[in-house]
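Before any comments, here is the structure.
Quick note on labels: first sequence line is chain A, next is B, and so on, each numbered from 1.
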Number of protein chains: 2
Amino acid sequence: MIDTKKLGRPRTFDYDEALMQAMSVFWTKGYDGASLRDLTKAMGITGPSLYAAFGDKRELYLKTIDLYADVDGCAPVVAFETEEDITKAIKGFLSEVVHYATEHESGAKGCFLASSVVTTVGQVEGVAERVEAAIDDTEKRLAARFDREIEKGTLPADFPSRERAALLYDLRQGYMFRGRAGWSSERMQQDLDSRVQMLLSH
Amino acid sequence: MIDTKKLGRPRTFDYDEALMQAMSVFWTKGYDGASLRDLTKAMGITGPSLYAAFGDKRELYLKTIDLYADVDGCAPVVAFETEEDITKAIKGFLSEVVHYATEHESGAKGCFLASSVVTTVGQVEGVAERVEAAIDDTEKRLAARFDREIEKGTLPADFPSRERAALLYDLRQGYMFRGRAGWSSERMQQDLDSRVQMLLSH
DNA sequence: GTAGTTATGTATCAATCGATATATAATCAG
DNA sequence: CTGATTATATATCGATTGATACATAACTAC
């Protein structure tokens with residue numbers, strides 16, 4: 001049913017790689033601050049190629065947001081989900097957050113959503129839904145990880161999973177903001193252990 | 001010594017009021033998204049008047065950041081500092097934060113620093129220092145309020161004031177982010193009491 | 001009054017913005 | 001091969017960007 005062979009002249013660039021570069025530009029410079037020149041230069045393609053492959057600037061922007069939600073943004077969440085020991089899982093989540101906030105491979109700092117995308121809510125159509133969906137999705141996954149611990153019996157049956165998931169998310173936002181503001185990884189790590197303890201206390 | 005009388009033709013607009021309007025525009029549209037047309041229209045002045053009174057766009061931007069730090073941004077902090085009962089003080093702080101995050105008079109949502117200014121760190125010279133200073137200043141004031149409670153004997157001598165101040169600030173960032181993303185005031189208030197309790201537990 | 005100083009309004013600058021028209025190159029189906 | 005289809009590169013569009021030159025208006029000092 002699915003025909004993978006495409007008609008016409010094939011692309012000379014990698015779609016996903018170009019999209020990742022575009023995300024870096026938006027992340028660093030913001031939506032309005034990122035010019036088409038900046039984007040095409042970083043992506044290594046020309047203007048018409050960009051428009052043919054990704055649509056206009058706004059559509060490209062939305063695609064980079066989806067890319068972040070699917071790949072980049074959930075790295076700490078994955079660390080949280082995969083570690084079996086809940087204490088280590090929380091510490092792993094926060095450590096990953098601090099790491100991301102201070103030294104992302106793209107050179108950008110903080111969280112793409114919290115540091116750049118959030119500015120364009122109400123300005124660029126399609127952004128608000130994506131940001132809200134990203135929050136809901138992440139918090140549900142975090143809460144589910146706590147619930148799993150309740151099932152295992154490691155946490156009491158009345159442990160407030162949703163509340164703690166929301167708290168974990170807020171801590172994440174705080175770290176991301178500090179990272180964007182220039183705080184060092186070391187400075188952010190000093191309260192880490194007591195925060196882990198707080199998140200588990202009941 | 002100080003001569004309040006000014007030479008030349010007097011201004012026909014209010015400096016501080018115009019600056020406040022400029023802040024609203026930057027808050028809503030971001031630094032790059034705010035055009036000189038947007039700014040002059042909202043401020044009710046012409047281009048040359050803007051440049052004569054505030055300097056170029058970047059200088060005007062920095063002045064709005066300072067205005068926010070001095071006036072707007074610290075409203076919840078003031079609520080926290082002035083309420084004598086520490087439990088009510090914390091709840092007051094968070095309530096004020098939620099209120100600010102959802103319905104600021106300017107029409108903008110979230111925190112000016114967290115929702116707009118943070119995007120321009122590393123892009124607009126002078127922003128990074130201001131954001132970092134805003135964090136430090138706020139956290140110190142929050143910690144001092146906790147310390148005062150220790151002196152009164154309401155909180156134990158080994159109460160981690162600095163840690164809790166940082167936590168309070170991170171919660172603030174989380175609410176501001178949610179506000180910008182479109183969360184309602186009601187939705188944010190549901191965990192408020194348990195968070196107050198958490199901030200005081202030891 | 002005149003001289004000096006500052007703000008205002010109009011008109012406009014070069015540069016950059018996002019976006020596209022056009023022609024050419026590279027692939028597949030037949 | 002031909003025809004259809006899609007990507008590429010060059011060149012450029014009108015609109016908007018941030019910023020200013022200029023002449024005029026409104027004030028103080030004398």
* Asked: Aromatic rings B/Tyr61 and B/Phe26: how do their planes relate, parallel, tilted or perpendicular, breaks at 30° and 60°?
  -> perpendicular
### Query
With a 6.0 Å cut-off on ring centres, are B/Phe112 and B/Tyr100 close enough?
no
Does a side-chain N-to-carboxylate-O contact under 4.0 Å join A/Lys29 and B/Asp32?
no
Contact check, residues 9-23 of chain A vs DNA chain D, heavy-atom distance under 4.0 Å, returns A/Arg9, A/Pro10, A/Arg11, A/Thr12, A/Phe13
dist A/Leu171:CG -> A/Arg195:CZ (nearest 0.5 Å) comes out at 5.0 Å
inquiry  = Using 30° and 60° as the class boundaries, would you call the ring planes of A/Phe13 and A/Phe54 parallel, tilted or perpendicular?
reply    = tilted
Within residues 34-67 of chain A, those residues having any heavy atom closer than 4.0 Å to DNA chain D are A/Thr46, A/Pro48, A/Ser49
Which of B/Lys140, B/Arg148, B/Arg141, B/Arg145 passes salt bridge (Lys or Arg N to Asp or Glu O under 4.0 Å) with B/Glu81? Answer is B/Arg141
Residue pairs passing the side-chain hydrogen bond (donor to acceptor under 3.5 Å, both in side chains) test with at least one member in residues 89-99 of chain B, sequence neighbours excluded, are B/Lys91-B/Asp193
note: B/Lys29, atom NZ; D/dT16, atom C1'; distance rounded to Å ~ 13 Å
Looking at A/Glu149 and A/Lys152, is any side-chain nitrogen of the basic one under 4.0 Å from a carboxylate oxygen of the acidic one? yes
